[in-house]
Amino acid sequence: MKRQLIKHVLTRRDYGATVTVAGWLRSRRESKGGFSFLLLNDGSCLTELQVVADGTLPNYTDELSHLTTGAALSVTGRLVESPGSGQSVEVHATEVTVHGEADPEQYPLQKKRMSFERLRELAHLRPRTNTFGAVARVRNALMAATHQFFQTRDFVCVHTPIITGSDCEGAGDMFAVSTLDPEHPPRGADGCIDYEQDFFARRTFLTVSGQLEGETHACALGRIYTFGPTFRAENSNTRRHLSEFWMVEPEMAFADLSDDADLAEAYIRHLIQHCLEHCHADLTFFNQWVDQGLLARLAALADAPYHRLSYTEAVDRLLSSGEAFEFPVEWGCDLQSEHERYLTEQVFAQPVIVTDFPEAIKPFYMRLNDDGKTVAAMDVLLPHVGEIIGGSQREERLDVLLERMALKGVDPEAYRWYVDLRRFGSVPHAGFGLGFERMVQFCTGMQNIRDVIPFPRTPRHAEF
RNA sequence: UCCGGCGUAGCUCAAUGGUAGAGCGGGUGACUGUUAAUCACUAGGUUGUAGGUUCGAGCCCUACCGCCGGAGCCA
């Protein structure tokens with residue numbers, strides 16, 4: 001079928017032209033004159049196209065006069081200037097084909113506004129709603145902007161593995177991958193499960209990060225990024241956590257923490273600018289219906305420099321704030337959500353980059369600072385979303401890395417290939433991971449992370 | 001996993017321990033171009049599940065299930 005997208009038709013002014021569009025019926029209003037106004041949406045944009053279906057159409061009485069929300073149609077007709085006030089163009093149909101009806105007694109989507117919780121149970125139908133259509137378009141724009149940003153800066157996109165053999169990457173519980181019969185797994189002489197007989201002849205898991213593998217290519221190609229699914233088997237039940245989410249992880253050779261922070265800042269700014277430029281209608285929709293401060297906040301963040309301070313400074317700042325926190329602040333403890341929120345929302349009211357955390361609370365691969373107490377790590381905190389980026393300069397000194405591994409109880413044998421990078425042609429390098437869904441949340445104002453990924457996986461939820 | 005809140009019509013929500021209701025959506029009809037159309041009529045319920053208290057439970061108690069929010073873990 002040759003058809004035009006509604007987003008293009010809506011901008012045309014060549015009245016009299018014949019156009020063909022196709023989509024799903026959002027609503028039908030019957031006129032007193034014995035004809036119908038059909039609002040058609042094809043997903044190409046937020047706005048519906050108004051189609052006038054005249055009572056003289058051959059299938060009007062039998063089919064068109066009974067159409068209800070959700071039906072799939074294609075329409076051929078004449079583009080005309082609309083006499084009505086809600087739209088500038090409309091299509092007078094000469095032919096309307098009904099491809100699929102949607103029985104109103106059973107079709108769960110209403111013309112009325114529905115709760116996000118309810119729509120979550122209708123994950124297969126919710127992309128047909130204004131909000132989720134807009135989320136999908138913004139998400140797509142952010143993905144395109146991500147590739148654009150890194151590609152134009154000569155980063156090479158690297159596909160790191162989904163299945164990994166590293167079982168302690170320091171980022172939480174992992175999903176096991178196995179083809180063994182869970183009822184009767186083979187067992188060795190010691191009674192333990194014999195993973196020698198498993199598919200990969202060893203224990204394997206879904207990745208919690210592509211970083212370690214990414215470093216191998218950064219230390220060869222110079223600048224790389226990964227953009228792929230990531231899995232965490234944590235029993236997290238919050239509006240900012242998913243069991244399966246997408247992460248963007250750039251990694252740069254010959255770079256330190258300051259370069260890393262510069263990149264993070266430029267990347268986030270690029271995403272916001274791209275969104276403002278390419279998703280204006282969708283953002284305006286979110287600003288009106290979801291988060292009234294959205295556009296102002298995005299505009300403010302598109303150019304402003306982000307505030308950087310060290311962990312030690314952040315702790316001092318919190319201690320001297322006089323604020324009564326639920327959890328007391330003390331040097332050496334990880335910053336709590338309330339502390340991060342206070343910094344990014346109250347103190348600076350802008351994105352904040354906290355650097356140089358105590359080594360005791362960070363993983364083995366982060367570079368030890370000269371003070372011997374802190375590592376070259378950074379967290380980027382966004383107002384209302386919280387931690388969106390975690391990154392660090394990596395420990396490139398072989399002896400220090402081995403010490404740190406010993407200290408953290410990580411077996412260097414299990415990471416031979418990773419240690420090898422420090423043995424042969426080691427360079428200072430740095431990178432970070434950005435939670436893609438959290439960025440989509442930030443750009444749409446959507447409160448719950450389950451509503452910015454098409455099919456959210458959370459504990460006890462993998463229905464679709 | 002811990003803390004708190006909530007489960008009533010297809011959807012959003014009312015209902016002092018005393019006859020389960022409204023709006024929207026649906027159906028039927030009326031009305032010369034509508035924009036959340038309007039108006040009239042109409043259908044629609046094992047009040048999350050299982051127990052308990054009571055003359056009587058949507059409401060009180062217990063357990064379980066589900067959902068939401070906060071915390072932890074993190075991106």
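To find a chain, count down the sequence lines: A is the first, B the second, and so on, and within it residues start at 1. Both backbone and side-chain heavy atoms feed into the values below; hydrogens, waters and symmetry mates do not.
Nucleotides rC64(B) and rC24(B) are separated by 34 Å at their C1' atoms, to the nearest Å. Using P as the reference atom, rA43(B) and rG48(B) are 24 Å apart when rounded to the nearest Å. Look at the C1' atom in both rG7(B) and rA50(B): the space between them is 16 Å, to the nearest Å. For the C1' atoms, the distance linking rG29(B) with rC6(B) amounts to 41 Å, nearest Å. Remark: the separation of the P atoms in rG23(B) and rC41(B) is 11 Å, to the nearest Å. rG18(B) sits 44 Å from rA30(B) when the P atoms are compared, rounded to a whole Å. Taking atom P in both rA36(B) and rA22(B), one finds a spacing of 26 Å when rounded to whole Å. To the nearest whole angstrom, the two C1' atoms, one in rA15(B) and one in rC59(B), are 9 Å apart.
Atom CZ in F327(A) sits about 9 Å away from atom P in rA71(B), given to the nearest Å. The separation between M114(A) atom CE and rG26(B) atom C1' is 14 Å, rounded to whole Å. Atom CZ of R118(A) is separated from atom P of rU12(B) by 7 Å (rounded to the nearest Å). The nearest whole Å value for the distance from the CD1 atom in I449(A) to the P atom in rC74(B) is 16 Å. Remark: P of rC73(B) and CZ of R239(A) are 16 Å apart, rounded to the nearest angstrom. Taking atom CZ on F325(A) and atom P on rG70(B), their separation rounds to 18 Å, with Å as the unit. For the pair H241(A) NE2 and rU1(B) P, the computed distance is 16 Å after rounding to whole Å. Distance CG (L382(A)) to P (rA75(B)): 14 Å, rounded to an integer number of Å.
Comparing H461(A) and I389(A) along RNA chain B, the residue whose closest nucleotide (by nearest heavy atom) sits nearer the 5' end is H461(A). For the pair L434(A) and R120(A), nearest-nucleotide mapping onto RNA chain B gives the more 5' position to R120(A).
Taken to the nearest 0.5 Å, the CG atom of N448(A) stands 9.0 Å off from the OG1 atom of T458(A). If you take NE2 on H217(A) and CD1 on I224(A), they are separated by 8.0 Å, rounding to the nearest 0.5 Å. A distance of 6.0 Å separates CG of D14(A) from CG of L79(A), quoted to the nearest 0.5 Å.
One finds a salt bridge joining R297(A) and D291(A) here, because a Lys/Arg side-chain nitrogen approaches an Asp/Glu carboxylate oxygen to under 4.0 Å. Ion pairing between a basic and an acidic side chain is recognised when a charged N comes within 4.0 Å of a carboxylate O; R269(A) and E265(A) show such pairing.
A donor and an acceptor atom never sit less than 3.5 Å apart when one is taken from the side chain of S236(A) and the other from the base of rC74(B). Contact of R438(A) with rC74(B) (side chain to base): a donor-acceptor pair of N or O atoms is detected under 3.5 Å. No donor-acceptor contact under 3.5 Å links the side chain of R240(A) to the base of rA75(B).
Contacts between residues 331-345 of chain A and RNA chain B, defined by a heavy-atom separation below 4.0 Å, involve Q336(A), S337(A), R341(A), listed by number. Across residues 242-250 of chain A, L242(A), F245(A), M247(A) each have a non-hydrogen atom less than 4.0 Å from an atom of RNA chain B (numbered order). A heavy-atom distance below 4.0 Å to RNA chain B is reached by none of the residues of residues 347-359 of chain A.
Taking the six-membered ring wherever Trp is involved, the centroid distance between the rings of F364(A) and Y415(A) falls below 6.0 Å. If you look at F149(A) and Y225(A), their ring centroids are not closer than 6.0 Å. In summary, the aromatic rings of F116(A) and F132(A) are positioned with their centroids under 6.0 Å apart. Aromatic rings of F150(A) and Y267(A) (six-membered ring for Trp) have centroids within the 6.0 Å cut-off, being under it.
Under the 3.5 Å distance criterion, the side-chain polar atoms of E437(A) are left unmatched by any main-chain donor or acceptor of F245(A). Of the possible donor and acceptor atoms, none in the side chain of H8(A) sits under 3.5 Å from a partner among the backbone N and O of Q4(A).
The side chain of N448(A) contributes an N or O atom lying less than 4.0 Å from OP1 or OP2 of rG69(B).
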Which parts of nucleotides 27-39 of chain B does protein reach within less than 4.0 Å, heavy atoms only, written one letter per nucleotide 5' to 3' as B for base, S for sugar-phosphate only and - for none? S---BSBBB-B--
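In summary, the side chains of E90(A) and H92(A) do present a donor paired with an acceptor at a separation below 3.5 Å, with no hydrogens or angles considered. A donor-acceptor contact closer than 3.5 angstrom is absent between the side chains of E95(A) and T76(A).
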Going through the distances and angles, do H124(A) and F455(A) end up as a ring pair (Phe, Tyr, Trp, His ring centres under 6.0 Å)? CA-CA 8 Å; H124(A) 58 309; F455(A) 299 99; 8.8 Å; no
Where do H429(A) and E215(A) land on the side chain to side chain donor-acceptor pair (under 3.5 Å) test, with the steps shown first? CA-CA 8 Å; H429(A) 60 291; E215(A) 285 185 44; 2.7 Å; yes
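The residue S115(A) sits close only to the backbone: its heavy atoms come under 4.0 Å of sugar-phosphate atoms, none of a base. In this structure, R26(A) reaches neither bases nor backbone, as no heavy-atom distance under 4.0 Å exists between it and the strands shown.
Of all non-hydrogen atoms in L38(A) and R28(A), the two that sit nearest each other are CD2-CG, 3.5 Å.
Ring geometry for F35(A) versus F37(A): interplanar angle over 60°, hence perpendicular rather than tilted (30 to 60°).
Among residues at least two apart or in separate chains, there is no side-chain hydrogen bond (donor to acceptor under 3.5 Å, both in side chains) pair with a member in residues 341-355 of chain A.
Paired regions of RNA chain B, where each region holds three or more successive Watson-Crick or G-U pairs whose two hydrogen-bonding distances fall under 3.5 Å, are B:1-7 with B:65-71, B:10-13 with B:21-24, B:26-30 with B:38-42, B:48-52 with B:60-64.
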